[in-house]
Amino acid sequence: MSYSPYLLQGQKALVTGGSSGIGAGVVRQLAKAGATVAINYHSHGEAAEKIVEDIKSAHGEAIAIQADVSQEADVKAMFSKVLNEFGTIDILVNNSGIQKDSPFLDMSLKDWNLVLSVNLTGQFLCAREAAKEFLRRGVQPQISCAAGKIICMSSVHQLIPWAGHVNYVTSKGGINMMMKTIAQELAPHKIRVNSIAPGAIKTPINKSSWDTPEAEAQLLELIPANRVGEVDDIGKAAVWLASDDSDYVNGTTLYVDGGMNLYPGFATG
Ligand code: BGC
C-alpha cells in the first residue's frame, strides 16, 4: 500500500468566496494537497490576488476570478474562465455566504432575498455549471475515481434554529435538501455531493462573538470542545471530502463544530 502526500494532485478546484474567512482556509488547504485552485471573490480582489501569490510562491497554481454567485450570467462567465484556464474542473466548493441579521419582525424583504440569493441560489447556479462539466468529461481514472465532487458550505444552523437570523438559517436548511437531492440525482454519474456544517469558526463574519474575552467565554458555553474553530479545521475536512479517500461518502453533512450540534445545554443532565 502506498500513500500519496498530495491527495488532490492533478485536480482542478473552484472555491467561491475564496478570498476571506473559511473560503480562504479551504483554498490554502486544497492547494497544499496539490490542487490547482480558482479563487472566486465578489469584492476583495486584492485579498484574492494575495492568496494567489502565496500559492505560487509555494510552487502551486492558482487564479482569482471576480463574480457575483447570485447572478446567472456572472456564474456562467466564471465557469467559462475556469474551463479556459484549467481545461476542466474536478472540485467545486460552494462556499460564498453572507449574514444580514435582524429580528424577524424588522427583517426587510431586501435582506431576506439578498441572503437567500447569495447563500442558496448561488450554490444552485454554481453546482449546475460544475455538474455539466463533470458529465461532459466523465471519469478520468488517473485523476480521481469520481467524475466530480461538490462540497456545499452549510452551517450548524441547517439544524439549530437561530433567533435574529431567519434568512440565514433558512438558506442553510435549504442547502441541506438541495445538496441531498443533487447527490441522489447525480450519484449514478459518479458525482459526489456533500456538505460541511461548520460551527463557530474564527472569521470576520462572527468577529464580535470571539474578539473579546467576555464574548469568547459566552461562545465557549456552546462548544463542548471548548475552543473556537480555525479555518484550517474546515479546510482539512474539505480536502478529505474532495479526495478519493471519501469515495463512498455521498449526500451527507460532515459537522465540523467541536460538538456545537450536541445540545450542550443538556450536558449536565
Ligand atoms: C455563522 C456564525 C456563527 C456560527 C455558530 C455560522 O454559520 O455564520 O456567525 O458563529 O454559525 O453559531
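Just so you know, ligand 1 is whichever comes first in the structure, and atom 1 is the first atom listed for that ligand. All values below were derived from every heavy atom in this structure, side-chain atoms included, with hydrogens, water molecules and symmetry-related copies excluded.
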Next on the checklist: At less than 4.0 angstrom from any atom of ligand 1, which residues have a non-hydrogen atom? List them by chain and residue number.
Outcome noted: Q99, S155, H157, W162, Y168, G199, A200, I205, N206, M260
Item to check | All salt bridge (charged side-chain N to carboxylate O under 4.0 Å, His left out) counterparts of K207, not counting sequence neighbours | outcome: D211
Checklist entry - Checking D233 side chain against E230 main chain: does a donor-acceptor pair fall under 3.5 Å? => result yes
Next on the checklist: For a 4.5 angstrom cut-off between non-hydrogen side-chain atoms, does V166 reach M107?
Outcome noted: yes
Solution key, residues 116-126 side-chain donor-acceptor pairs under 3.5 Å, sequence neighbours excluded:
from	atom 1	to	atom 2	distance (Å)
S117	OG	N113	O	3.0
S117	OG	L114	O	3.1
N119	OD1	I98	N	2.9
N119	ND2	I98	O	3.1
N119	ND2	S171	OG	3.2
Q123	NE2	N94	O	3.0
Q123	NE2	M153	O	3.2

Item to check | Any donor-acceptor N or O pair under 3.5 Å, side chains Q11, T36 | outcome: no
What side-chain donor-acceptor pairs closer than 3.5 Å can you find for residues 187-199, not counting sequence neighbours?
from	atom 1	to	atom 2	distance (Å)
R192	NH1	L241	O	3.4
R192	NH1	S246	O	2.8
R192	NH1	S246	OG	3.1
R192	NH1	V249	O	3.1
R192	NH2	L241	O	3.1
R192	NH2	S243	O	2.9
R192	NH2	S246	OG	3.2
N194	OD1	G251	N	3.0
N194	OD1	T252	N	2.9
N194	ND2	V249	O	3.0

